[in-house]
Amino acid sequence: MRTFQLPAQSLPLDDGWDVIVAGGGPAGCMAAVAAAREGARVLLMEAMSALGGMGTLGLVPAWCPFSDHEQMIYRGLAERVFTESKAGVPHEPAAKMDWVAINPEHLKRVYDDMVAEVGVTVRFHTQVAAVDMEDGIVRALVLASKDGLTAVSGRVYVDCTGDGDLAAWAGAPFEKGDADGALQPATHCFMLSNVDSYAYTHGSRPNKDFLHAHADTDKYPLLADMHLCNNLIGPATVGFNTGHLWGVDNTDAASLSRALTEGRKVARQFRDALAEYYPAAFGNAYLAATGALLGIRETRRIQGDYVLTIEDYLARRGFDDEIARNSYPVDIHTAQHEIAGALRGEVHAMARYERFGHGESHGIPYRSLVPRNLVNVLVAGRCISTDRAVQGSTRVMPVALVTGEAAGLAAALASLIGDVRAVDT
């Protein structure tokens with residue numbers, strides 16, 4: 001590839017921030033709120049048009065479980081987000097804690113209100129373009145937005161980009177995918193409206209058997225495997241976390257662009273197949289929306305002062321510097337070469353590792369939020385320091401919420417002392 005040398009230029013610098021958070025998904029929102037309520041001056045940057053990430057713009061139709069099957073386990077700010085989000089789905093039982101449906105428009109306002117009430121400054125359509133470093137310390141970020149290229153500077157930075165962009169560009173080591181570099185498949189979530197809710201609720205709710213019977217037909221060639229999660233998210237509206245897109249790398253713009261185009265085609269084929277095979281519920285349904293974000297399960301795992309391992313998960317291990325608990329199963333989705341076996345019932349995405357029993361969980365140490373080689377950067381959400389197997393468990397939104405809160409609180413404290421490792425956990 002040819003290179004192009006940018007002409008020397010001076011960028012306007014917005015300095016004086018205590019904490020700068022990159023990424024406004026669940027982790028980023030909680031990091032910003034946690035830091036701001038400690039009195040820190042916080043800037044939250046989001047590349048898209050709304051906060052909330054996969055639960056809002058990504059159209060994920062339901063929360064992963066919030067309980068360990070005995071009690072709520074993801075608490076603090078996470079509990080508030082979850083509780084307030086349930087007001088947007090009044091058809092869900094008040095006491096329900098697992099697989100609760102999400103109303104994405106309502107959830108956007110939940111996040112908006114939470115960051116506003118503590119004085120967080122939000123910049124939409126703004127993302128990190130480059131990192132200025134010196135001796136392991138991030139000095140400034142170059143941002144790309146409608147203002148062109150600008151720069152911001154703060155005392156501590158929290159990377160909640162999901163892909164670990166800020167930390168990786170700052171020089172933190174990372175791993176990506178399996179030993180061969182292969183990544184879990186992505187999913188392009190979508191919503192169908194004009195669904196007969198009664199028929200859907202009473203006998204016409206599709207499941208993996210539908211895909212088992214019809215996935216290989218010539219008529220619907222893009223319905224390739226048995227991944228089919230769906231929830232009633234509002235009147236006559238069903239959200240789908242369904243289908244797989246393989247070979248997608250969210251750190252590669254060309255790969256991401258191809259996948260979004262294909263994902264919209266997959267959603268259309270699902271709508272047509274459901275209308276044919278479940279006419280009582282979906283005969284008159286129409287494709288109302290596909291996600292503005294692609295559902296990415298895996299890219300970079302930033303290597304931190306501690307790498308959480310599958311052995312920690314299986315041992316239900318606790319840590320002296322523990323900042324959260326997690327009880328979600330190891331959920332590594334089917335590789336493309338496993339499709340045929342999966343259709344025969346040989347492989348199931350959530351049956352590869354032992355599941356926790358009631359009341360069981362493992363800890364997440366603060367050290368997994370601290371990137372190696374960096375002094376004033378923390379990570380939260382999907383890219384925290386884990387091995388690949390455990391990342392299949394910690395990548396989900398409830399975990400992002402609690403690691404985000406921990407990182408934000410730690411960032412506010414570190415902004416006063418200059419080093420994220422000096423924080424008293």
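Using a 4.0 Å cut-off between charged nitrogen and carboxylate oxygen, R382 and D163 count as a salt-bridge pair. The existence of a salt bridge linking D272 and R268 is confirmed by a sub-4.0 Å separation between a basic side-chain nitrogen and an acidic carboxylate oxygen. Checked for salt-bridge contact, D321 and R367 meet the test: a charged N lies under 4.0 Å from a carboxylate O. A salt bridge between K265 and E262 is absent, with no side-chain N of the basic residue lying under 4.0 Å from a carboxylate O of the acidic one. The residues E117 and R80 are annotated as salt-bridged, a charged nitrogen and a carboxylate oxygen being separated by less than 4.0 angstrom. Ion pairing between a basic and an acidic side chain is recognised when a charged N comes within 4.0 Å of a carboxylate O; R317 and D312 show such pairing. Taking a cutoff of 4.0 Å between a charged side-chain nitrogen and a carboxylate oxygen, R316 and E354 qualify as a salt bridge. Classification of R395 and D331 as a salt-bridged pair holds, one side-chain N sitting under 4.0 Å from a carboxylate O.
Rounding to the nearest 0.5 Å gives a distance of 12.0 Å between CZ of R205 and CG of L274. Within the model, atoms SG of C64 and CH2 of W99 stand 4.0 Å from one another, a figure rounded to the nearest 0.5 Å. Between L245 atom CG and I296 atom CD1 the span is 8.5 Å, to the nearest 0.5 Å. Taken from CD in E360 to CG in D68, the straight-line distance is 9.0 Å, to the nearest 0.5 Å.
In this structure, Y200 and F282 have perpendicular ring planes: the angle between them is above 60°, well past the 30° mark. Note on ring orientation: taking the six-membered ring where Trp is involved, the planes of Y198 and H202 are parallel (angle under 30°, cut-offs 30° and 60°). Using cut-offs of 30° and 60° for the angle between ring planes, the Y313 and F356 rings count as parallel.
Across all non-hydrogen atoms, the minimal contact from P104 to I233 is CD-CD1, 4.3 Å. What you find for V248 and A259 is that their closest heavy atoms are CG2-CB, 3.6 Å. Across every non-hydrogen atom of F270 and G243, the tightest pair is CE1-CA, 3.9 Å. Contact between F319 and I364 at its shortest, heavy atoms only, is CD1-N, 4.4 Å. When all heavy atoms are compared, the tightest approach of R388 to L183 is NH2-C, 3.9 Å. Closest non-hydrogen pair, R37 versus E405, comes out as NH2-OE2, 2.8 Å.
Looking at L77 and L401, their side chains never come closer than 4.5 Å, going by heavy atoms from C-beta outward. By the 4.5 Å heavy-atom criterion applied to side chains, P61 and F240 are not counted as neighbours. V100 has its side chain out of reach of F66: every pair of non-hydrogen atoms, C-beta onward, lies at least 4.5 Å apart. The closest side-chain heavy-atom distance from V379 to V158 is not below 4.5 Å. Between M397 and P26, some side-chain heavy-atom pair lies under the 4.5 Å cut-off.
A side-chain N or O of W63 and one of S85 form a donor-acceptor pair less than 3.5 Å apart. If you check the side chains of S393 and N326, you find a donor sitting under 3.5 Å from an acceptor.
A side chain to side chain contact (heavy atoms under 4.5 Å, CB included) with L51 is found for exactly one of V110, T56, V122, namely V122.
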Distance-only check: which donor-acceptor pairs under 3.5 Å involve side-chain atoms of residues 140-155, not counting sequence neighbours?
residue	atom	partner	partner atom	Å
S145	OG	D147	N	3.1
S153	OG	R139	O	2.8

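Within a 6.0 Å sphere centred on CG of N284, heavy atoms belonging to other residues, nucleotides or ligands number 12 at most.
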